[in-house]
K.L.:
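This structure is in structure tokens; I'll ask about it shortly.
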Amino acid sequence: MTLDFMWGVFCDFRFHPNFFSRTMNKIVMVGVLLLTSLTGFSQKIQVLVVTGGHDFDREAFAELFDSMEQIAWEELAQPKANKVMLENGLEKYDVLVFYDMFQEISKDEQIAFLQLLEKGKPMLFLHHALVSYQAWGEFQNILGGRYYDSKRYTKTPANGFSTYLHDTDISVQLLATAHPITAGLTDFSLFDEVYGNTWVSPEVTPLLGTNHPESTKIIGWEHTYRSSRIIYMQPGHGKSSYENPNYRKLLLNALLYLAN
């Protein structure tokens, strides 16, 4: 039950003589919400996690999502996820999380992807998802950034290809401390992987940064494409991040924010 909702009930009572007839539905809803809260049967956020194209510690990754009591999640690996998307099978989820590094996407699948964005489906991209769809030019506009992979990107970028560095200490700086995604957090450190010389759109809202010499300075952002909210977070390579309480809080905040 939100403050806006409660304020609406109050205004009806104060300013309308027919308060009881006009707000009966609101009162019933308040009772339902209170009962749901007290009995613990609140509806969980339905999350789909798309994987494929890159190895990862599956057991530790699954435990990360299992630890979030507010969500119910499923996994679809590529290319199955894109096939299900063609059948409108992804619309039932509240949030789509992309942890894939997949390259093959047909014209029809591109259209289906864009249709999801037109309808406002919120999407969270993690870590190596930045490297997906190197041959699909529009993908960088969707995500708000691009990793230029020397093995897959079809042109030589003006500033050269992107780089990566495994197993390094990263200082994560909160660039938007008032944003819901960073709520309850302060600057923290991770043992993870960094990407350097990546492109970040000037239109994004920076959320996370780092001063790591081998990394692009902005490592997390919010972006809007068509009707959809897009979040990207560079950290998330392996178990050391999955188990980090700051990373878990950041990820949960992102899912809650996108679902609302």
K.L.:
Under a plain distance cut-off of 3.5 Å, with no hydrogens placed, do S171 and N211 share a side-chain donor-acceptor pair?
P.N.:
yes
K.L.:
State yes or no: are the ring centers of Y242 and Y247 separated by less than 6.0 Å?
P.N.:
no
K.L.:
Output all residues satisfying side chain to side chain contact (heavy atoms under 4.5 Å, CB included) with E118, sequence neighbours left out; order by chain, then residue number.
P.N.:
R226, S227
K.L.:
Are D100 and T51 linked by a side-chain donor-acceptor pair shorter than 3.5 Å?
P.N.:
no
K.L.:
Using the test side chain to side chain contact (heavy atoms under 4.5 Å, CB included), find all partners of F161 that sit at least two apart in sequence or belong to another chain.
P.N.:
Y148, S150, Y153, T156, P157
K.L.:
If you apply the rule side-chain hydrogen bond (donor to acceptor under 3.5 Å, both in side chains), what do you find for W199 with Q140, and how did you get there?
P.N.:
CA-CA 9 Å; W199 175 76; Q140 68 180 34; over 6 Å; no
K.L.:
Hey, are the side chains of V95 and I45 touching, using non-hydrogen atoms and a 4.5 Å cut-off?
P.N.:
yes
K.L.:
Restricting to side chain to side chain contact (heavy atoms under 4.5 Å, CB included), what partner residues turn up for K83, sequence neighbours left out?
P.N.:
E109
K.L.:
Could you tell me if the ring centre of Y232 sits under 6.0 Å from that of H223?
P.N.:
no
K.L.:
Looking only at atom types and distance, does a side-chain atom of D94 sit under 3.5 Å from a main-chain N or O of A259, one as donor and one as acceptor?
P.N.:
no
K.L.:
Of all the heavy-atom pairs spanning L96 and L90, show the shortest one and how long it is.
P.N.:
CD2-O, 4.0 Å
K.L.:
Tabulate below the donor-acceptor pairs under 3.5 Å that side-chain atoms of residues 58-65 make, not counting sequence neighbours, or state none.
P.N.:
from	atom 1	to	atom 2	distance (Å)
R58	NH1	E75	OE1	2.8
R58	NH1	E75	OE2	2.4
E63	OE1	R248	NH2	2.3

K.L.:
Is the backbone N or O of F102 less than 3.5 Å from a side-chain atom of S132, with the two atoms forming a donor-acceptor pair by type?
P.N.:
yes
K.L.:
Can a side-chain donor-acceptor contact be found between E74 and Y93 if the only test is distance below 3.5 angstrom?
P.N.:
yes
K.L.:
State yes or no: do L256 and L126 share one hydrophobic cluster built from I, L, V, M, F, W and Y residues joined by side-chain heavy-atom distances below 4.5 Å, directly or via other members?
P.N.:
yes
K.L.:
Tell me whether the NZ or CZ atom of R152 lies within the 45° cone about the ring axis of Y133 and under 6.0 Å from its centre.
P.N.:
no
K.L.:
Under a 3.5 Å distance rule, please check whether N253 uses its side chain to pair with a backbone N or O of I181 as donor and acceptor.
P.N.:
yes
K.L.:
For the pair Q134 (side chain) and D149 (backbone), establish whether a donor and an acceptor sit closer than 3.5 Å, ignoring hydrogens and angles.
P.N.:
yes
K.L.:
Just grab all the side-chain hydrogen bond (donor to acceptor under 3.5 Å, both in side chains) pairs involving residues 200-209, residues at least two apart or on different chains.
P.N.:
none
K.L.:
Under the 3.5 angstrom rule, does the side chain of S162 hit a backbone N or O of N197 as a donor-acceptor pair?
P.N.:
yes
K.L.:
Does the ring center of F125 lie less than 6.0 Å from the ring center of W221?
P.N.:
no
K.L.:
For a quick test of reading the model, state the closest non-hydrogen atom pair linking L175 to P206 and the distance between them.
P.N.:
CD1-CB, 3.8 Å
K.L.:
Taking only residues two or more places apart in sequence, or in another chain, which ones meet E193 in a side chain to side chain donor-acceptor pair (under 3.5 Å)?
P.N.:
H127, H166, H237
K.L.:
Can you check whether K121's main-chain N or O pairs, donor with acceptor, with S228's side chain at less than 3.5 Å?
P.N.:
yes
K.L.:
For the OH atom on Y164, are there more than 12 heavy atoms of other groups (residues, nucleotides or ligands in this structure) within a distance under 6.0 Å?
P.N.:
no
